[in-house]
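Structure record follows, encoded as structure tokens.
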Amino acid sequence: MMHKLLAVIALVVAMAGVMAGCRSTKKIQKVIATPGTRKDSAAVTVTPVVTPEDRHADSLRIISQTVQGLMRTHIDFQTFSARMKVHYEGGDGKDYEFNAFIHIKKDSLIWVSINAALGIEAFRMLITPDSVKILDKLKKIARLRSVSFLQDEIHLPVDFKTVQDLLLGNPIYLDTTNILFYKKDPSAISLLSVGDLFKNYLTLNGDNTLRHCKLDDVDPFRARTCDLTYGDYEQRDTLRFSTYRKISVAEKTKVDIELGYKQFKFNEPLSFSFNIPRNYRRR
């Protein structure tokens, strides 16, 4: 059970129902002073006919500006470390609560340590672009797997980059080349993108940081859903980081996960210690 939980914590990902929406449009009004008229002539207010082509061009402009803003808030880094409190509720109704420590070296290593009661380390995980290694320190077992282990446990087409972006709070499964529409209100803007595998209904705050993400399979025969909420942003130099995440994952059963980042640092020297003791059984 715990190695499956570890995989879930490492990913905190799945698919979720997409909200239908509609793009907002604006009436365009122009005030035109007719050339050659006297100074005391009244200005003529003209409301031109807004063609579908005009609305399409306006939508493309807003979508392009929004995507550019989202790219500016994308977290780029060399190393990342954090301590977080994890609350996990499985489909069986049982609750798990524990502290996890994370070290990440960009595009290379993800190291996770999970503490049991009294601060005793119970599990350690090391993820690389092609492998997953887990030390069960309570049972003295080492599990050595390919990165496909994550896909097998979570039933999702994930890779190292997906896990990395998820833990950092960057968008996942977002195809910026195929955004179908946007919806805008005074405090937020939402985009719907459709990729090869998933639909992504993404809501951004006014400063272009993530607020909410809903995912859904493109394949209508799959029932995977995921709902991700991002909050409690803190500033680190030029980076805005979400210290609170809530994730609800559902397929045949539902899983709820809350992550509360208590400490986090960027671009500092880190260690990635992972040694398998001789007395551990390998599986």
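Atoms CG and OG1, on D165 and T162 in that order, are 7.0 Å from each other to the nearest 0.5 Å. Annotation: the span from Y280 atom OH to N275 atom CG amounts to 11.0 Å, rounded to 0.5 Å.
With sequence neighbours excluded, no residue forms a salt bridge (charged side-chain N to carboxylate O under 4.0 Å, His left out) with R83. With sequence neighbours excluded, no residue forms a salt bridge (charged side-chain N to carboxylate O under 4.0 Å, His left out) with K140. By the side chain to side chain donor-acceptor pair (under 3.5 Å) test, Y244 is found to be paired with E258, residues two or more places apart in sequence or in another chain being considered. For the salt bridge (charged side-chain N to carboxylate O under 4.0 Å, His left out) test, residues two or more places apart in sequence or in another chain that qualify with K106 are D76. With sequence neighbours left out, the salt bridge (charged side-chain N to carboxylate O under 4.0 Å, His left out) criterion links D232 to no other residue.
For the pair L210 and N205, the tightest heavy-atom approach, listed with the atom from each and the gap, is O-ND2, 3.5 Å.
Screening D159, N170, D107 for a side-chain hydrogen bond (donor to acceptor under 3.5 Å, both in side chains) involving Q164 leaves a single residue, D107. Results of the ring pair (Phe, Tyr, Trp, His ring centres under 6.0 Å) test with F241 over F80, Y233, F77 single out F80 as the only residue that passes.
Side-chain contact between R143 and D136 is present, with at least one heavy-atom pair separated by less than 4.5 Å.
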Please table the atom pairs, donor to acceptor, closer than 3.5 Å between any side-chain atom in residues 262-274 and protein atoms at least two apart or in another chain.
{"from": "N267", "atom 1": "OD1", "to": "Q78", "atom 2": "N", "distance (Å)": "2.7"}
{"from": "N267", "atom 1": "OD1", "to": "T79", "atom 2": "N", "distance (Å)": "3.4"}

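W111 and L144 fall within the same hydrophobic cluster, where Ile, Leu, Val, Met, Phe, Trp and Tyr residues are linked whenever their side-chain heavy atoms come under 4.5 Å apart, directly or through other members.
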**Study point:** Worked verdict on D256 versus H87 for side chain to side chain donor-acceptor pair (under 3.5 Å)
**Key:** CA-CA 8 Å; D256 292 312; H87 178 240; over 6 Å; no
